[in-house]
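A note on names: the letters A, B, ... follow the listed sequences, proteins ahead of strands, and every chain is numbered from 1. When reading the values below, keep in mind they use all heavy atoms of this one structure, side chains included, and skip hydrogens, waters and symmetry mates.
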Amino acid sequence: MPNYWLMKTEPNTFSIQDLEKAPHQTTCWEGVRNYQARNMLRDDVKKGDMVLFYHSNTEPVGVHGTAKVVKPGYPDHFQFEPKSKYYDPKASPERPRWFMVDIKHQQTFQQPVTLQTLRTVDALQDMKLLQKGQRLSVQPVTKTQWDLIVKMGATRS
DNA sequence: GCCAACGTTGGC
DNA sequence: GCCAACGTTGGC
């Protein structure tokens, strides 16, 4: 059984359209520098897990499609590169601190499921995303939440 | 651009 | 180990 996740990105930096255009429609999900999110990437995100692809700081904010995990947690190499904005002088290849996964594009929603819309659906009110102050860039979602959002994304309103 | 919420850092 | 200062996230 796969697990289900929501991952946030700023589309100026990397959008679902960028993912579609990427080689093999696959990318490494680098740059997560929060310990809670790191722990999930390292320990919990498995190959075959499914991802809701969320755009933040944009219009419209919301879930724009889905992706699939094709490679589970492995050290984020940007932490070792002094020129990278993600460089971490306290990390070393022997003792990596930060992890990433590889994800592959699955579908881009015909109609993004906006944050505004998510807030109106009773069955989704438990989502971490909707809780006040919740900022994690990698979050678990339930299969029920996943199914509902994917259905909403596939349906034109 | 504002600002609330939260995480991290570092002096003590 | 406390906690003030600072930095970041992310909706609006």
One should read off an interatomic distance between A:Lys143 NZ and A:Tyr4 OH, to the nearest 0.5 angstrom, of 4.5 Å
* Asked: For A:Arg97 and A:Tyr35, does a side-chain donor sit closer than 3.5 Å to a side-chain acceptor?
  -> yes
One thing to verify: whether A:Asp76 and A:Arg33 come together as a salt bridge, which I'm taking to mean a side-chain N less than 4.0 angstrom from a carboxylate O. yes
Per the under-4.0 Å heavy-atom filter, residues of residues 125-135 of chain A near DNA chain B come out as A:Lys132, A:Gly133, A:Arg135
- Which is true for A:Glu10 with a 4.0 Å heavy-atom rule: it touches a base, it touches only sugar-phosphate, or it touches nothing? nothing
So, with a heavy-atom separation below 4.0 Å from DNA chain C, the residues of residues 49-60 of chain A are A:Tyr54, A:Ser56, A:Asn57
With sequence neighbours left out, the residues meeting side chain to side chain contact (heavy atoms under 4.5 Å, CB included) with A:Tyr74 are A:Cys28, A:Lys71, A:Met100, A:Asp102
- Message: I'd like to know if the side chain of A:Thr66 and the backbone of A:Gln106 have a donor-acceptor N/O pair within less than 3.5 Å.
- Response: no
Per nearest nucleotide of DNA chain B, the residue lying toward the 5' end, A:Lys90 or A:Asn34, is A:Asn34
Hits for salt bridge (charged side-chain N to carboxylate O under 4.0 Å, His left out) against A:Asp18, two or more places apart or cross-chain, chain-then-number order -> none
Counted 5' to 3', the first and last nucleotides of DNA chain B within 4.0 Å (strictly under) of a heavy-atom of chain A are B:dA5 to B:dT8
* Kindly say whether A:Leu19 contributes a backbone atom to a donor-acceptor pair with the side chain of A:Thr27 at under 3.5 angstrom? => no
Exercise for review: Could you tell me whether a side-chain N or O of A:Gln79 sits under 3.5 Å from a main-chain N or O of A:Ala91, the two making a donor and an acceptor?
Suggested key: no
Rounding to 0.5 Å, atoms CD1 (A:Ile103) and CG (A:Asp49) come to a distance of 12.0 Å
Residues pairing under side-chain hydrogen bond (donor to acceptor under 3.5 Å, both in side chains) where one sits in residues 117-137 of chain A, two or more places apart or in two chains, turn out to be A:Thr114-A:Thr117
